[in-house]
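The structure under discussion appears below in the form of structure tokens.
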Amino acid sequence: MKDFLLYIRFAVDYAIQNNTLSHVKYLRRWHKDKKSSETTLSRQLPWMTYDAIDFLSGICLPEMKIFEWGSGGSTLFFASRCQHVTTIEHDSIWSGFLKEKLDELNIQNVDFKKISGEKIDNFEQKNYQNPDDFVSKDKKSVGLSYEKYVKAIEAFPKEYFDIIVVDGRARNSCIKLAIPHIKKGGYLIVDNSDRQYYLVGFPELNDPQKWQKTEFQGPVFFQHAFSKTSFFRKEN
């Protein structure tokens with residue numbers, strides 16, 4: 001009952017703020033998922049809004065190369081649908097869970113890299129909203145730089161990836177480095193984009209001549225809060 005009441009609270013807030021009841025159709029699906037005791041790994045699904053997962057299922061193709069910051073169910077999802085996945089994870093414990101799952105499923109097309117944040121002395125002078133500072137607002141990331149984590153993508157050529165997912169630490173830093181590595185017709189995906197500072201420094205993503213934007217808002221399985229996932233298709 002507590003879970004249901006929390007969901008209703010977030011659903012009402014969402015309806016008022018967005019003047020829509022479109023999310024109501026997911027109530028039964030969300031409730032079933034919440035009771036299931038499953039995880040994103042057992043479901044092999046990205047931890048995104050339901051509509052975003054459906055959209056992503058429609059754009060994935062067998063020849064695609066994927067890069068993601070933030071590993072998990074999304075890694076397994078892409079591995080089963082696409083040619084190759086490069087995934088970067090900062091959390092040691094979560095890395096262990098994913099590695100076990102990859103071994104259990106004998107997945108061979110994933111290049112998994114654990115790159116943790118590194119301690120820096122001048123953290124207090126850094127600004128998490130500045131993509132050139134490579135720091136995160138997350139409380140567990142205080143004192144850490146994610147420069148090596150973010151710059152892992154620089155090992156690859158420009159316009160190399162079909163899909164790049166930003167769903168980890170220092171996300172605005174990741175977005176900045178992701179943009180030149182997406183091929184024409186490819187997608188930049190930013191999860192939890194309701195946190196406006198992720199995208200505020202990239203006005204070019206709102207230029208329809210350069211990027212086709214599609215956004216999905218609503219409930220996310222296994223949690224009460226609603227979120228937004230933004231897709232940007234590179235036009236040229």
Practice item. Would you sort out whether R171 and R195 count as a side chain to side chain contact (heavy atoms under 4.5 Å, CB included), showing the intermediate values? Key: CA-CA 10 Å; R171 295 191 196 185; R195 302 168 190 166; 4.0 Å; yes
Can you list the steps and then say if E235 with Q209 is a side chain to side chain contact (heavy atoms under 4.5 Å, CB included)? CA-CA 7 Å; E235 298 296 296; Q209 300 299 315; over 6 Å; no
Show the numbers, then the answer: is there a side chain to side chain contact (heavy atoms under 4.5 Å, CB included) between L76 and K101? CA-CA 9 Å; L76 307 178; K101 195 68 175 178; 3.6 Å; yes
**Report entry** F231 and L56: CA distance, side-chain angles, deciding distance, side chain to side chain contact (heavy atoms under 4.5 Å, CB included) verdict
**Finding:** CA-CA 9 Å; F231 292 72; L56 192 55; 3.9 Å; yes
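Between V165 and W69 there is no side-chain heavy-atom pair separated by less than 4.5 Å. The shortest distance between side-chain heavy atoms of C60 and I163 falls below 4.5 Å. Looking at D162 and I182, their side chains never come closer than 4.5 Å, going by heavy atoms from C-beta outward. Under the 4.5 Å side-chain criterion, counting only non-hydrogen atoms from C-beta, K126 is in contact with N122. No side-chain heavy atom of P157 sits under 4.5 Å from any side-chain heavy atom of E159. Side-chain contact between N127 and V135: absent, with no pair of heavy atoms (C-beta onward) separated by less than 4.5 Å. Side-chain contact between I120 and L144 is absent, with no heavy-atom pair separated by less than 4.5 Å. Between T86 and F78, every side-chain heavy-atom pair lies at or beyond the 4.5 Å cut-off.
The number of heavy atoms from other shown groups lying within 6.0 Å of CD (Q196) does not exceed 12. Surrounding CG of D103 are more than 12 heavy atoms belonging to other residues, nucleotides or ligands, all under 6.0 Å away. Atom CZ of F97 has 12 or fewer neighbouring heavy atoms from other residues, nucleotides or ligands inside a 6.0 Å radius. Enclosure of atom CD in E124 is not indicated, since only 12 or fewer non-hydrogen atoms of other residues, nucleotides or ligands lie within 6.0 angstrom.
For the pair K99 and F112, the cation does not sit on the ring face, since its NZ or CZ is not both under 6.0 Å from the ring centre and inside 45° of the axis. A cation-pi geometry, defined here as NZ or CZ lying under 6.0 Å from the six-membered ring centre and within 45° of its normal, holds between R81 and F77. Cation-pi contact between R43 and F221: present, with separation from the ring centre below 6.0 Å and deviation from the ring axis of at most 45°.
S141 and Y146 share a donor-acceptor pair across their side chains, judged by distance under 3.5 Å alone. Counting only N and O atoms by type, the side chains of Q44 and S80 include no donor and acceptor under 3.5 Å apart. Side-chain polar atoms of E68 and T87 form a donor-acceptor pair below 3.5 angstrom. E204 and N206 share no side-chain donor-acceptor pair at under 3.5 Å. Defined by atom type and a distance below 3.5 Å, a donor-acceptor pair is present between the side-chain atoms of E215 and S230. In summary, the side chains of D33 and Y50 do present a donor paired with an acceptor at a separation below 3.5 Å, with no hydrogens or angles considered.
Annotation for V85 and A79: closest pair CG2-N, 3.7 Å, computed over non-hydrogen atoms. The minimum heavy-atom distance linking K137 with Y197 is given by the pair CB-OH, 3.8 Å. Closest non-hydrogen pair, M48 versus I53, comes out as O-CD1, 3.8 Å. The nearest pair of heavy atoms linking L41 to G72 is CD2-C, 3.6 Å. Looking at every heavy atom in both residues, D194 comes nearest to S227 through OD1-OG, 3.2 Å. Between K114 and S92, the shortest heavy-atom distance links the atoms NZ-OG, 3.6 Å.
Rounding to the nearest 0.5 Å gives a distance of 11.5 Å between CD of E100 and CG of L105. Rounding to the nearest 0.5 Å gives a distance of 8.5 Å between CZ of F156 and NE2 of H181. In this structure, CZ in R233 is found 13.0 Å from CD1 in I189, a value given to the nearest 0.5 Å. Here OH of Y198 is found 8.5 Å from CD1 of I175. Values are rounded to the nearest 0.5 Å. With rounding to the nearest 0.5 angstrom, the CD1 atom of I179 is 10.5 Å from the CD1 atom of I153. Within the model, atoms CG of L188 and CG of L205 stand 6.0 Å from one another, a figure rounded to the nearest 0.5 Å.
Note on L45 and V220: same hydrophobic cluster, where clusters join Ile, Leu, Val, Met, Phe, Trp and Tyr whose side-chain heavy atoms are under 4.5 Å apart, directly or indirectly. Under a hydrophobic clustering in which Ile, Leu, Val, Met, Phe, Trp and Tyr are joined whenever their side-chain heavy atoms come within less than 4.5 Å, directly or via other members, V190 and F55 fall into different clusters. Taken together through direct or relayed side-chain contacts under 4.5 Å among Ile, Leu, Val, Met, Phe, Trp and Tyr, L102 and W94 form part of one hydrophobic cluster. V110 and Y160 are members of different hydrophobic clusters when ILVMFWY side chains are connected at heavy-atom separations under 4.5 Å.
The closest donor-acceptor contact from the side chain of S74 to the backbone of P46 lies at 3.5 Å or more, if one exists at all. N172 places a side-chain N or O within donor-acceptor distance of the main-chain N or O of Q129, the cut-off being under 3.5 Å. Under a 3.5 Å cut-off, the side chain of T75 and the backbone N or O of S71 do not form any donor-acceptor pair. Without hydrogens or angle criteria, S42 side chain to E38 main chain gives no donor-acceptor distance under 3.5 Å.
No option in T40, T39, T229, N192 other than T40 meets the side-chain contact (heavy atoms from CB on, under 4.5 Å) test with W47.
E154 has no carboxylate O lying under 4.0 Å from a charged side-chain N of K151, or vice versa, which leaves the two without a salt bridge. A salt bridge links D132 with K176; the closest basic N to acidic carboxylate O contact falls under 4.0 Å.
Aromatic ring centroids of F161 and F67 lie under 6.0 Å apart. Checked against the 6.0 Å centroid criterion, the rings of Y149 and F134 do not qualify as a close aromatic pair. For F232 and Y187, the distance between ring centers is not under 6.0 angstrom.
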